Protein chains: 2
Amino acid sequence: MRARARIKDVASLAGVSTATVSRALSSPDTVGPATREKVMEAVKATGYRINAAARDLRQRRARSILILAPDLSNTFFGKIFAAIQEEASDVGLTVQISDSRIGRDRLLSLGYDGRADGIVLLDGGIDPEVVNGWKLPLVQLSEWNDEYRAPRLGIDNRAAARLAVDHLADLGHRDILHVSGPGENVLGVERQEGFLMAAADRGMTATVFPGAFTLEAGAQAARHWAALATRPTAVFCASDECALGFISECVHAGFDVPSDVSVVGFDDIDFADRFLPALTTIRQPRADMGRAAAARIIQMVEGRAAGSDNVDALPTERLEPALIIRSSTGTPKRKPGAPA
Amino acid sequence: MRARARIKDVASLAGVSTATVSRALSSPDTVGPATREKVMEAVKATGYRINAAARDLRQRRARSILILAPDLSNTFFGKIFAAIQEEASDVGLTVQISDSRIGRDRLLSLGYDGRADGIVLLDGGIDPEVVNGWKLPLVQLSEWNDEYRAPRLGIDNRAAARLAVDHLADLGHRDILHVSGPGENVLGVERQEGFLMAAADRGMTATVFPGAFTLEAGAQAARHWAALATRPTAVFCASDECALGFISECVHAGFDVPSDVSVVGFDDIDFADRFLPALTTIRQPRADMGRAAAARIIQMVEGRAAGSDNVDALPTERLEPALIIRSSTGTPKRKPGAPA
DNA sequence: GCAATGTATGAAATCGATTACATCTGATTC
DNA sequence: GAATCAGATGTAATCGATTTCATACATTGC
């Protein structure tokens, strides 16, 4: 077997023109049944597969979507990637993936070189000039940035934080701590705002430690917490990883969770329910988020191909977070010496 | 601003031919300095970006590599994806990603439609006919299959299992259990073989529970273990997830790790050192694996482009696993009633 | 029996770049 | 001053598909 067969080879083997082969493959009902048969045989005989570059060039589409995320190794993204890829594959689109922190020029090219028909953006921290410079259908997922002209999909992080705070309030906690996400991140900021507002509404004493979404940030926050003169009886962490880091460090320091401190995480990663203690957390429906983003971007891409022009303006979509109560939260211990 | 600028637009604005623009961009030193300047200005003025489909068609390369993995959401792959993407991006290649279980025909197309120059394959379970049917540079990473005609990169799983067994033997365990990977998976098979051989060499009693790489498989194995009349004092699990599931279930059933049972995992995922107890495990250098695979596939792709023909035949490469000792393993409890 | 219509097919233009080859200019050599 | 050469640039072919338009033929209606 020599080089790849081209459409020309199929055509001459079948004794028809390339136009007919093309038609037989892409819209079979426009060619005669006998011809179609001949073509299909020739395709099989030559092992012909379409050359995507040639087709994409002619049709000015790429049949591919691009996912941009700030850190591909973040376990939070895995399920989202999988869901997007599944939806995309179902409609014949391939998926490209790239770290969104690869440098301005490379990034601009990615959205501009005709290899992607649409972009799912999981990073709200990219220069808006770059993002708005792309002339492609774009969906913001999970994170967002008000300056991007693109619809947003994700949960309401303020409301989600309120779920956590209300749960702790209901358990009887009066003095609570938040280990926040990184300061420049919208998700962290909104969760913190939701935390503070909800705590105020419930008349609770609220403290915030600036943190990050990482295990290490949680561990560090735990050390600060432990050093406090009067320690809050409950902690709401900006991510599950942060929460697990917090718990881990607390336990190592001799504290018990939840009797010394209740901990609520955020995300509901796979390990959350197997951790010891199993983690109470706010679930983000990551697979749903991925599916919704994929559906939206596909709709935009196809809509654009079909000529409707206002598909890009479809509105923001909210998905529902849920409070998952497990074993890392409980009622606060009575203060030593306090009345029963 | 209208539609995207094409090379023709740049050429006429700069007052040169398209050939000159092309040369000014791809090999600047072959055009005169004044011309180069004019072209660059025209590029800036028009906002021109190359159309990748056209370039790829003409050059018969895609400047893209494809990663195929059996489950994109598996946390094990994240670091690998990130490492590959980083290396690829450095040399101007984009990365496509797909689940490798998307159906034979789609899969065949992926390696055949000219959109990828090379493939990194993380799945040893694909029909060899499909894999060998691709006429592309190919690297097997982590998993492999002897019938694929492609170099392999990964650790020696038998030797890795031996590290775990030796560690347990050194601690004084005499009766050990292995919760294996899924039966059809080479990684699971080799780890099991390594386990059995090492246990035999050390004169230990060895049992195997068929399992999987999942949390749930570990939990289930723990229930079986707990039900045993004489329980092995140590367990080697085929993955960290499995190990965490095992520990979690044991603790819930009232056992203590490591005093009732020592547990060794495999992979060293990020959570391993924050779990309670911190998990003793075999580290797979995932970032190194990704980097090595990327380097290899890039070498093959460039080599092929440069005309050398035997790059595909480069040999298998072994990376070193390491035993990471943490808190989930310890000396076995003396049997009740046994002499001190 | 003839115009009108529809169906199947082919020829050739097209998508937007790269590149082989031709041409032109000016410098170098003898 | 002619011959040679190198460097810069342009012309046109090319990559491999899709799609417009034209054509050939069969079918329908009157």
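Keep in mind it's a predicted model, so treat the numbers as computed, not measured.
The phosphate of D:dT9 has OP1 or OP2 within less than 4.0 Å of a side-chain N or O from B:T35. A sub-4.0 Å separation between OP1 or OP2 of C:dT19 and a side-chain N or O of B:Q59 is present. Neither OP1 nor OP2 of D:dA8 sits under 4.0 Å from any side-chain N or O of B:R36. The side chain of A:Y48 contributes no N or O atom lying less than 4.0 Å from OP1 or OP2 of D:dG16. At C:dC15, none of the side-chain N or O atoms of A:R55 fall inside 4.0 Å of OP1 or OP2 (strictly under the cut-off).
To the nearest angstrom, P of D:dG16 lies 21 Å from CZ of A:R60. A straight line from CZ of A:R61 to P of D:dA17 spans 18 Å, rounded to a whole angstrom.
Taking for each of A:S17 and B:R58 the nucleotide of DNA chain C with the nearest heavy atom, the 5'-most of the two is the partner of A:S17.
Remark: the backbone N or O of B:A52 is not paired with any side-chain donor or acceptor of B:R63 at under 3.5 angstrom.
A:V16 comes within 4.0 angstrom of the backbone, heavy atoms only, and of no base. Using a 4.0 Å heavy-atom distance criterion, B:S22 is classed as a base contact.
Checked by distance alone, B:R23 brings a side-chain donor or acceptor within 3.5 Å of a matching partner on the base of D:dG10.
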